[in-house]
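Atoms within a ligand are numbered from 1 in the order they appear, just like the ligands themselves.
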Amino acid sequence: MREIRGLAAALNSSKRFKYKSPEIVVDHLVVGAGVVGLAIAQKLCERFPLKSTYVVERHGHVGEEISSRNSEVIHSGIYYPADSLKTRLCLRGRELMYQRCQALNIPHRKTGKLVVATAEQRSYIENLHNKATKLQWPPHYTSNSPVLPTKLISGDEARSMEPDLSKDIAAALWCPETGILDSHSFMESLEKDILESEAGDLAYATRVVRVDPYISESSKPTEGDERGWVVQTVTGGDSRTDSSDAILARTIFNASGLSGPFILNALLPLEQRIPMYYARGSYASYKGPGISGISHLIYPCPDTGPNAHAFASLGTHLTLDMNGKIKFGPDIEFLSPPSGSSEDPEADVDYWARHLIPDDSKLGEMHRAVTRYLPNITVEGMQPDYVGIRPKLIPPGAGFQDFIFRKDHPCQFGGGGDVGDAPMISLLGIESPGLTSSLAIAEYVVDDLLCSSGTG
Ligand SMILES: Cc1cc2nc3c(=O)[nH]c(=O)nc-3n(C[C@H](O)[C@H](O)[C@H](O)COP(=O)(O)OP(=O)(O)OC[C@H]3O[C@@H](n4cnc5c(N)ncnc54)[C@H](O)[C@@H]3O)c2cc1C
Ligand SMILES: *[C@@H]1O[C@H](CO)[C@@H](O)[C@H](O)[C@H]1NC(C)=O
Ligand SMILES: *[C@@H]1O[C@H](CO)[C@@H](O)[C@H](O)[C@H]1NC(C)=O
């Protein structure tokens with residue numbers, strides 16, 4: 001296997017953007033209008049109706065990166081270590097997600113899912129089941145419904161639910177809490193709440209190009225206490241010609257997805273920079289034999305072994321979308337960053353964008369993976385559909401990596417003040433189940449991380 005390097009690029013490494021004094025002040029600045037940034041901003045607007053919350057997004061619409069290229073599955077929360085943030089926020093996020101979808105008529109369906117196993121894989125689903133029966137609701141989130149009801153069923157019972165399943169399937173785990181949603185309608189509902197709020201706003205086609213800890217420029221002692229971050233943004237298509245703005249943000253929430261570590265790296269010395277790994281996942285749409293009347297999501301047991309880790313990917317599964325379209329995916333392929341000798345180091349950070357074009361080179365492998373549980377699928381019926389990129393913090397085979405919420409303060413970077421002042425909260429490695437968890441991530445970040453720092 002070829003070696004995969006991480007990319008330790010930093011924002012403004014070309015030094016193209018000179019420091020500018022801030023012209024406006026906001027209480028909360030959220031970087032990124034993917035599902036996570038939107039959920040955080042919506043929560044901030046609701047909790048602090050009189051404080052300004054400003055979302056900046058480099059694209060022209062919500063959710064053009066990871067949030068529009070995923071499986072749109074509401075996960076049950078079964079896969080991750082019981083004491084991880086992924087489990088806690090997925091369980092809570094699932095509840096909040098179903099509640100919001102019901103209350104606002106966001107298209108969704110609790111389809112349930114089958115994790116199917118051959119005779120040799122039976123212990124994998126038994127372990128999942130045992131884990132599910134022991135899971136508790138996270139602290140202060142108790143609910144009357146069971147945490148994660150699952151049922152072990154026989155191969156025949158699974159085939160009575162999905163007659164196309166292979167005779168080799170000897171057992172299955174039924175997870176009734178899993179579902180699907182229209183993630184765009186969901187994001188639009190959050191966007192609408194922000195726009196209709198008293199003090200929330202969104203700026204599109206606006207990218208953050210530089211961040212500095214705020215050093216008070218006032219000599220008056222009454223104004224000398226202000227801490228924060230000076231965030232420089234560029235609005236428009238070409239950063240070479242467009243003029244930039246500087247905003248003083250009292251708090252930053254960094255929900256920039258695939259660019260996550262990029263901003264922070266600009267502030268960190270080289271040896272402390274956070275490497276970024278990108279793992280591509282391809283989807284194929286399917287029309288053809290072997291799927292008559294499928295109504296549940298079907299997941300295989302993930303491959304495990306020295307170079308494949310169940311935590312890296314859940315295996316090429318079958319999903320449905322709200323239009324009844326059937327797709328298979330995502331597979332997993334780690335990308336190698338460019339050598340780093342590029343003339344434009346800031347373009348390097350988006351090198352993954354070149355890998356977004358779906359191609360048919362993966363269909364054969366995907367077909368082999370899928371026919372282990374749905375034998376009558378034909379490769380001719382599979383069409384390359386779309387590609388999503390996972391923001392990984394660890395290289396292939398490195399085991400489990402939880403979500404990371406990191407808090408930095410201006411004083412660490414020479415901005416003065418005390419720890420606790422003007423936090424920058426960075427969200428790193430928000431891969432699956434980030435969509436399911438988004439409302440719980442927002443609750444955690446705003447109620448637990450922000451409010452515990454005493455700033456608000
Ligand atoms: C293949 C795949 C399948 C998945 N399947 C599921 C699933 O079925 N269920 C589930 O729960 N989760 C799933 N996930 C995970 C889920 O999609 C993500 O966790 C979630 O969408 C992450 O949202 P985000 O807001 O963090 O990132 P993004 O949606 O990428 O948002 C980040 C935003 O920040 C913007 N940005 C970046 N840099 C800047 C800058 N400098 N200035 C301004 N804006 C900037 C970007 O343009 C982008 O819009 C999947 C992920 C992948 C890759
Ligand atoms: C697959 O197709 C063959 C031939 O049409 C049929 O005999 C078999 O029952 C099918 N298998 C499944 C699992 O549907
Ligand atoms: C937050 O986002 C900024 C800008 O996208 C990025 O430079 C910074 O590294 C991020 N913060 C962290 C901790 O990664």
Side-chain angles (χ1 to χ4, degrees), residues 11-12 29-40 55-77 86 89-90 93-94 97 159 162-169 178-181 183 186-187 190 203-211 231-235 239 253-260 262-263 266 278-283 289-292 297 299 313-314 317 319 329-332 346 349-350 352-353 371 373-378 386-392 403 427-438 441-442:
L11 188 69
N12 201 33
L29 184 98
V30 179
V31 185
V35 71
V36 174
L38 290 167
I40 291 173
V55 183
V56 289
E57 166 54 54
R58 61 178 173 173
H59 296 296
H61 303 275
V62 296
E64 297 226 323
E65 294 194 352
I66 318 176
S67 297
S68 56
R69 299 166 166 276
N70 57 58
S71 306
E72 300 188 290
V73 172
I74 303 175
H75 282 298
S76 63
K86 281 188 178 172
L89 298 174
C90 187
R94 185 189 82 200
M97 178 76 90
R159 276 182 292 275
E162 291 297 352
D164 295 298
L165 281 174
S166 159
K167 304 271 179 292
D168 297 337
I169 295 304
T178 306
I180 54 176
L181 85 157
S183 58
F186 177 70
M187 286 190 279
L190 296 169
Y204 291 108
T206 300
R207 65 188 298 156
V208 173
V209 295
R210 178 177 171 132
V211 175
V231 178
Q232 213 176 115
T233 61
V234 167
T235 299
S239 48
F253 300 84
N254 189 3
S256 58
L258 293 163
S259 307
F262 187 50
I263 299 177
Y278 299 97
R280 182 175 193 249
S282 302
Y283 290 87
I291 49 159
S292 49
L297 309 184
Y299 281 57
S313 160
L314 299 179
H317 50 257
T319 52
D331 58 359
I332 183 156
E346 272 155 76
V349 81
D350 286 337
W352 52 266
T371 47
Y373 57 95
L374 289 169
N376 286 356
I377 298 295
T378 61
Y386 61 96
V387 169
I389 312 278
R390 304 169 180 89
K392 294 272 184 193
F403 294 150
L427 291 89
L428 301 172
I430 312 295
E431 53 174 331
S432 194
L435 171 62
T436 311
S437 311
S438 53
I441 290 175

Inset, instruction - Using modelled atom types only, decide if a donor and an acceptor are shared between the side chain of Asp331 and the backbone of Ser282 within a distance under 3.5 Å. - result: yes
Legend entry - Closest contact, heavy atoms only, Thr319 versus Leu297: CA-CD2, 3.9 Å
Inset, instruction - Decide whether an N or O pair under 3.5 Å exists between Tyr283 and ligand 1. - result: no
Legend entry - Tyr204 side chain near Glu64 side chain, heavy-atom distance below 4.5 Å: no
Inset, instruction - Would you mind running through ligand 2 and noting each atom that sits below 4.0 Å from a heavy atom of Leu165? - result: 13 (C)
Legend entry - Sub-3.5 Å N/O-N/O distance, Arg58 and ligand 1: yes
Legend entry - Under-4.0 Å heavy-atom contact with ligand 1, by part of His75 that carries it: side chain
Legend entry - Separation of Phe403 CZ from Leu89 CG (nearest 0.5 Å): 6.5 Å
Legend entry - Numbered atoms and elements of ligand 1 in range of Gly434, under 4.0 angstrom, heavy atoms: 11 (O), 12 (N), 15 (C), 19 (O)
Legend entry - Close N or O approach (Leu435, ligand 1; < 3.5 Å): yes
Inset, instruction - Write out the residue and atom name of the closest protein heavy atom to atom 2 (O) of ligand 2, then the distance separating them to 0.1 Å. - result: Asn376 ND2, 2.2 Å
Inset, instruction - Kindly indicate whether the side chain of Leu374, heavy atoms from C-beta on, has any atom under 4.5 Å from the side chain of Leu165. - result: yes
Legend entry - Min N/O separation Gly63 to ligand 1 under 3.5 Å: no
Legend entry - Ligand-side contact atoms (ligand 1) for residue partner Val56, heavy atom cut-off under 4.0 Å: 43 (C), 44 (N)
Inset, instruction - Using distance alone, determine whether Ser437 and ligand 1 share an N or O pair under 3.5 Å. - result: no
Inset, instruction - Under 4.0 Å from a heavy atom of Gly32: give me the atoms of ligand 1 that qualify, with their elements. - result: 33 (C), 34 (O), 35 (C)
Inset, instruction - Before signing off on this row, confirm whether Val73 and ligand 1 have an N or O atom pair separated by under 3.5 Å. - result: yes
Inset, instruction - Taking only heavy atoms of Asp164 into account, list the atoms of ligand 2 that are under 4.0 Å away from them. - result: 13 (C)
Legend entry - Side-chain touch Leu435/Leu181, heavy atoms, less than 4.5 angstrom: yes
Legend entry - Any N/O pair Ser166/ligand 2 closer than 3.5 Å: no
Legend entry - Per atom 52 (C) of ligand 1, closest listed option by heavy atom (Arg69, His59, Glu431): Arg69
Legend entry - Heavy-atom pair of closest approach, residues Pro330 and His317: CD-CE1, 3.5 Å
Legend entry - Side-chain heavy atoms of Ile430 within contact of Ile66, under 4.5 Å: no
Inset, instruction - Could you tell me whether the side chain of Tyr373 reaches within less than 4.5 Å of the side chain of Asp168, counting heavy atoms only? - result: no
Legend entry - Test item: protein heavy atom less than 4.0 Å from atom 12 (C) of ligand 2: yes
Legend entry - Part of Leu38 with heavy atoms under 4.0 Å of ligand 1, whether side chain, backbone, both or neither: neither
Legend entry - Where Ser438 and Val35 come nearest, the two heavy atoms and their spacing: OG-CG2, 3.7 Å
Legend entry - Atoms of ligand 1 close to Glu72 [distance to a heavy atom under 4.0 angstrom, numbered from 1]: 8 (O)
Legend entry - Geometric class of the Tyr283/Tyr386 ring pair [parallel <30°, tilted 30-60°, perpendicular >60°]: parallel
Legend entry - Thr178 to Ser76 - nearest heavy-atom pair and separation: OG1-CB, 3.7 Å
Inset, instruction - From the options Val35, Val36, Val31, Asn70, select the one whose nearest heavy atom is closest to atom 51 (C) of ligand 1. - result: Asn70
Legend entry - Atom indices of ligand 1, in the order listed, that fall short of 4.0 Å to a heavy atom of Arg390: 53 (C)
Inset, instruction - Taking all heavy atoms of Ile169 and all of Arg159, pick out the closest pair and write down the distance. - result: O-NH1, 2.9 Å
Legend entry - Backbone N/O of Val73 and side chain of Thr436: donor-acceptor pair under 3.5 Å: yes
Legend entry - Contact atoms of ligand 1, heavy-atom distance to Ile430 under 4.0 Å: 18 (C), 19 (O), 22 (C)
Inset, instruction - Check whether any heavy atom of Thr206 sits under 4.0 Å from an atom of ligand 1. - result: yes
Legend entry - Check: Ser437 and Arg94 side chains under 4.5 Å, non-hydrogen atoms: no
Inset, instruction - Heavy-atom contacts with Ser71 under 4.0 Å: which atoms of ligand 1 show up? List them by number with element. - result: 3 (C), 4 (C), 5 (N), 6 (C), 8 (O)
Legend entry - Within-cutoff protein neighbour (heavy atom, under 4.0 Å) for atom 9 (O) of ligand 2: no
Legend entry - Side chain to side chain, Val56 and Val208, heavy atoms closer than 4.5 Å: yes
Inset, instruction - Mark up the atoms of ligand 1 that fall under 4.0 Å of a heavy atom belonging to Ile389, in ascending order. - result: 53 (C)
Inset, instruction - Pick one of side chain, backbone, both or neither for how Ala255 approaches ligand 1, counting any non-hydrogen atom pair under 4.0 Å. - result: backbone
Inset, instruction - Examine ligand 1 and decide if any of its atoms is less than 4.0 Å from a heavy atom belonging to Gly281. - result: no
